[in-house]
Amino acid sequence: MAAAERKIQAPLANPETKAFWDGASRGALLVKRCRSCGQAHYYPRALCPLCFSDATEWQAAGGSGTIYSYSVMRRAEIPYAIAYVTLDEGVTMLTNIVDCDLDTLRIGQRVRVVFKPTDGGPPVPMFTPA
Ligand SMILES: [Zn+2]
C-alpha cells in the first residue's frame with residue numbers, strides 16, 4: 001500500500017456532468033440510463049450515445065463492478081493503477097484502482113467504488129478490491 005496519497009486534480013464539471021459530480025459529493029455513483037433504448041451509458045451525456053434519444057435519466061449505480069483491463073504506472077512518483085472497470089449496470093468507466101497492493105490486481109477482479117478527495121473539487125469515483 002502506498003504510504004502517501006497521490007494528489008488528484010479536481011474534475012471540471014459541465015452542464016452534462018454537474019449532477020454526476022453533485023452525486024459524487026454525496027457519495028453516490030450516478031450513471032445515465034436511456035428510457036428509449038433501456039441501456040445505461042457512461043460518461044454522462046444529454047443524448048443517449050446508443051440511440052441519440054434525449055430521454056435519459058440519472059440512476060444510482062450499486063458501485064460494484066469488475067476490472068476489464070488495467071495498467072500500473074510504476075514510474076510515477078507514487079505508483080498508481082489506471083483501469084477500465086465495468087459496472088454491474090453494464091457501463092465501463094476509465095478510473096483508478098486504489099487502496100490495495102497493485103501487484104495483486106488481475107483482470108476480472110471484483111471491485112467496489114470509493115470516492116477520493118481532489119484538489120479543490122468534488123471527490124472522484126475510484127475503485128478498490130471488493
Ligand atoms: Zn438510448
> Under 4.0 Å between a Lys/Arg side-chain N and an Asp/Glu carboxylate O for Arg110 and Asp88?
Replying inline: yes
>> Between Arg26 and Asp22, does any NZ, NE, NH1 or NH2 come within less than 4.0 Å of an OD or OE carboxylate oxygen?
In response: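 Salt bridge between Asp22 and Arg26, a charged N being under 4.0 Å from a carboxylate O: no.
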Starting from [Y], can I reach [X] by hopping between I/L/V/M/F/W/Y residues whose side chains sit under 4.5 Å apart?
X      : Y     : answer
Leu30  : Leu47 : no
Ile78  : Ile97 : no
Met93  : Tyr80 : no
Val91  : Tyr68 : no
Ile107 : Val85 : yes

> Of all heavy-atom pairs between Leu50 and Ala40, which one has the smallest distance, and what is that distance?
Replying inline: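 Looking at all heavy atoms of both residues, the shortest contact is CD1-O, 4.2 Å.
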> Which atom pair, heavy atoms only, marks the closest approach of Thr104 to Asp101?
Replying inline: OG1-O, 2.7 Å
Quick one: does any side-chain atom of [X] pair with a main-chain N or O of [Y] as donor and acceptor, under 3.5 Å?
X      : Y      : value
Tyr70  : Leu105 : yes
Asn96  : Val98  : no
Ser25  : Trp21  : yes
Thr118 : Pro122 : yes
Thr95  : Pro125 : yes
Gln109 : Ile67  : no

> So does Tyr84 have more than 12 non-hydrogen atoms from other groups sitting under 6.0 Å from OH?
Replying inline: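 12 or below, so no.
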> Between Leu29 and Phe127, is a side-chain contact (heavy atoms from CB on, under 4.5 Å) present by the stated rule, with each step listed?
Replying inline: CA-CA 11 Å; Leu29 180 61; Phe127 289 81; 4.2 Å; yes
> Given the rule in the side-chain contact (heavy atoms from CB on, under 4.5 Å) test, do Cys34 and Cys51 qualify, once you have shown the distances and angles that lead to the verdict?
Replying inline: CA-CA 9 Å; Cys34 174; Cys51 74; 3.7 Å; yes
> Is there a side-chain contact between Ser36 and Cys48 (heavy atoms, below 4.5 Å)?
Replying inline: no
> Would you say Arg45 and Thr17 make side-chain contact, with heavy atoms under 4.5 Å?
Replying inline: no
> Can you tell me if Thr66 and Thr86 form a side-chain donor-acceptor pair at under 3.5 Å?
Replying inline: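 Side-chain D/A pair, Thr66 to Thr86: absent.
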> When you look at Ile82 and Met73, which way does the side-chain contact (heavy atoms from CB on, under 4.5 Å) test go after all the steps?
Replying inline: CA-CA 8 Å; Ile82 61 169; Met73 303 295 152; 3.6 Å; yes
> Pick from Arg35, Lys32, Arg33: which one makes a salt bridge (charged side-chain N to carboxylate O under 4.0 Å, His left out) with Glu57?
Replying inline: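 When Arg35, Lys32, Arg33 are each tested with Glu57, the salt bridge (charged side-chain N to carboxylate O under 4.0 Å, His left out) holds only for Arg35.
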> Does the pair Thr56 and His41 meet the rule for a side-chain contact (heavy atoms from CB on, under 4.5 Å), with working shown?
Replying inline: CA-CA 9 Å; Thr56 61; His41 59 265; 3.8 Å; yes
> Yes or no on ring pair (Phe, Tyr, Trp, His ring centres under 6.0 Å) for Phe20 and Tyr43, after CA distance, side-chain angles and deciding distance?
Replying inline: CA-CA 9 Å; Phe20 178 84; Tyr43 55 92; 9.8 Å; no
